[in-house]
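Here's the structure, in structure tokens; my notes come after.
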Number of protein chains: 2
Amino acid sequence: MEFRHLRYFVQVAEDLHFARAAARLGISQPPLSQQIRQLEDELGVRLLDRTSRRVTLTYAGGMFLDAARRTLAEADKAATVARRAASGELGELRVGFNASAPFIPQVAAAIHAYRLRYPDVQLALSEVAGPAQVTAILADALDVGFLRSAAAPALPPELTATRILRERLVVATRPDHPLAGRAGLRLADAAAHPLVVYASDRSGGFTEELFALMRASGAEPRIAQTVREVSTLLGLVAAGVGITVVAESLCALQSAGLVYTSLADDSAVSAMWLVHAAASPPAAANFVAIVTEVAG
Amino acid sequence: MEFRHLRYFVQVAEDLHFARAAARLGISQPPLSQQIRQLEDELGVRLLDRTSRRVTLTYAGGMFLDAARRTLAEADKAATVARRAASGELGELRVGFNASAPFIPQVAAAIHAYRLRYPDVQLALSEVAGPAQVTAILADALDVGFLRSAAAPALPPELTATRILRERLVVATRPDHPLAGRAGLRLADAAAHPLVVYASDRSGGFTEELFALMRASGAEPRIAQTVREVSTLLGLVAAGVGITVVAESLCALQSAGLVYTSLADDSAVSAMWLVHAAASPPAAANFVAIVTEVAG
DNA sequence: CCGATCGATACGTACAGCCTATCGATCATG
DNA sequence: CATGATCGATAGGCTGTACGTATCGATCGG
């Protein structure tokens, strides 16, 4: 049985007239009769009762007509699915992001724009620490990932990173802290006070990068407390446990016990990167395109 | 796109190896490569990434694989549906029956046996008066019908009637009625008493046949009351409104106010017939076969 | 009774799908 | 690093089959 048989049969069943059906199908009548007969022989079932004057569906023919239509529709759907999947309009996209990514307006805007443009792509968002994202993408557990890194992250050749945002670092303190609001504040000043920082396994390298910057400015940082979440970090700063240094976009999180003070150092910058496989699935490539367009 | 393409693609996707897939498909490797390529060209989508060492599904290929499997399954189902419908194992069967048919054990047994043997046939049972059944079958609103008639019913040539039961008539009266239990009771005796009978439009000809029998026995029947249902008929007899004559199988309906007395006349018989179109749908033919086997 | 209609049959043809043979690329191995 | 094995792609020839034209046989209306 081939699709030809189904297409021909459906047309004959609709017209109940071999010559007309053949004309619609763009063939002549004899081969149409042959193909219908061939289909009946293969099924071992008479689908049409035909005299030289009238063609009617048998009971089995009526049942088969429905099933044949369903089969043709399913085949159509298969072709459409393939094309849409290839163009990235259909499927699933697994996006990883670190703790600070959601607070970046450009990232949120890009995700929103992507959802509007590709509504049939199932977005699977998951919070993953920076380095773990790279591993996850390599293991095909993730398609793309947002991670923070001052410089371009070192990646295996099959992965690509695009910088989507470059931002300054700020110091977060209690309002009554001596550093609060001080103009021309420098990293070395901040390093003189005990710090609340992310635990290394959660920071995705941010803490290490921060410490490296401080040491480069000639000060040795001291850890007051390590935490695992943004809310804890800022909560403990507001409680006076210590101060911390975060990316400027985190200023979106305001609180009565918190003030953010700019750092004057040229080196006090950080960046968000979008990491993806060089051979990305179509949906991922579209996502990268939208993110670089909106946020880049 | 033809089924060939789907079958070939599914096999390659399962083996991820052209030569092995070709062997399983019973063809050689080159035409398999050609057909896959043809499929990809038609869809405009690359379904497989292939180097000379490794074959992998693209994302679109994976989505298409599912859809292709569904399409092939749908086609299989279409063939099965046609065959099962042709053999009468699938579909709908519309059975008409008159008021007395359900009380006949053979009819009930036949319907039960049919349900067991053909569980996937949707049985649509409907109560239809005898002559209306013939009209309904001719109008293709009914497939088969049970009706009561002393002699073979007059039918157009495209319909066939099979007698499935021949039974004697009995008189139904109150227990204190003078005819109750009288040995050798004859139709002429019964005709001497006022009768409760079905209204003509509901009786399906039974009342007319009964009156003809009574007149043939030399008596003129008198109507005490006409009714539209079996329960009303027997209820009014039990209430003493009159007596009635019914088929023996109705004795199954017992009541405190009712007794049945046999009629001695040779002519006091009735029969149930199964009517069906000569060109019945398969399910109807099977039904007729089972009924004649069980009840005939 | 005759012509029109319509599906089936007969038969020739062109193309497509399959075959075998071979190539080119990649990878494992000594 | 050279060599052989593996595997998909390509080339070219052959055959089956789906389609075309011509015609037949049956049925129905006028």
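Because the structure is a prediction, the values reported are computed rather than measured. Hydrogens, waters and symmetry mates are skipped; everything else that's a heavy atom, side chains included, is used. In what follows, every chain begins at residue 1, and chains take the letters A, B, ... in the order their sequences are listed.
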*Any side-chain N or O of B:Ser33 less than 4.0 Å from the OP1 or OP2 oxygen of D:dG8?*
no

*To the nearest Å, give me how far apart CG (B:Leu32) and P (D:dC7) are.*
14 Å

*On DNA chain C, nearest-nucleotide positions of A:Pro30 versus A:His17: which is more 5'?*
A:His17

*asked:* Within the supplied structure, the quantity of interest is the number of heavy atoms (other residues, nucleotides, ligands) at a distance under 6.0 Å from B:Gln122 CD; does it exceed 12?
replied: no

*Would you please confirm or rule out a distance under 4.0 Å between OP1 or OP2 of C:dC18 and any side-chain N or O of B:Gln34?*
no

*Between A:Phe3 and B:Phe3, how do the two ring planes meet: parallel, tilted or perpendicular, split at 30° and 60°?*
parallel

*Any A:Arg37 side-chain nitrogen or oxygen under 4.0 Å from OP1 or OP2 of C:dA8*: no

*Assign each of A:Thr51 and B:Arg50 to its nearest nucleotide of DNA chain D by heavy atoms, then name whichever residue's nucleotide is nearer the 5' end.*
B:Arg50

*Under 4.0 angstrom, heavy atoms only, what part of the nucleic acid is A:Ser28 near: base, sugar-phosphate, or nothing?*
base

_d(CZ, B:Arg53; C1', C:dG24) in whole Å_ = 13 Å

*Rounded distance in Å - CD1 (A:Ile27) to P (C:dG7)*: 13 Å

*Between A:Phe18 (CZ) and D:dA26 (P), how many Å, whole number?*
18 Å

*Upstream residue (5' side of DNA chain D) when A:Pro31 and B:Ala19 are each assigned their closest nucleotide*: B:Ala19

*Rounded to the nearest angstrom, tell me the gap between atom CD in A:Gln35 and atom P in D:dG16.*
17 Å

_I need the minimum non-hydrogen distance between A:Ala101 and A:Met272, along with the two atoms involved._
CB-CE, 3.8 Å

*Starting at CG of A:Leu48 and ending at P of C:dC6, how long is that distance when rounded to a whole Å?*
16 Å

*Would you mind reading off the distance between B:Asp41 atom CG and C:dA16 atom P, rounded to a whole angstrom?*
14 Å

*Look at the side chain of B:Gln29 and the base of D:dA9, then say whether one donor and one acceptor between them are separated by less than 3.5 Å.*
yes

*asked:* Please classify the nucleic acid contact of B:Glu2 as base, sugar-phosphate, or nothing, using heavy-atom distances under 4.0 Å.
replied: nothing

_It should be established whether A:Arg54 places a side-chain nitrogen or oxygen under 4.0 Å from OP1 or OP2 of nucleotide C:dC6._
no

_If you compare all heavy atoms of A:Pro153 against all heavy atoms of A:Leu147, which two are closest, and at what distance to 0.1 Å?_
CG-CD1, 4.1 Å

_Salt bridge or not between B:Arg7 and A:Glu2? Use side-chain N to carboxylate O under 4.0 Å._
yes

*Given atom OH of A:Tyr8 and atom P of C:dG7, what is their separation to the nearest angstrom?*
16 Å

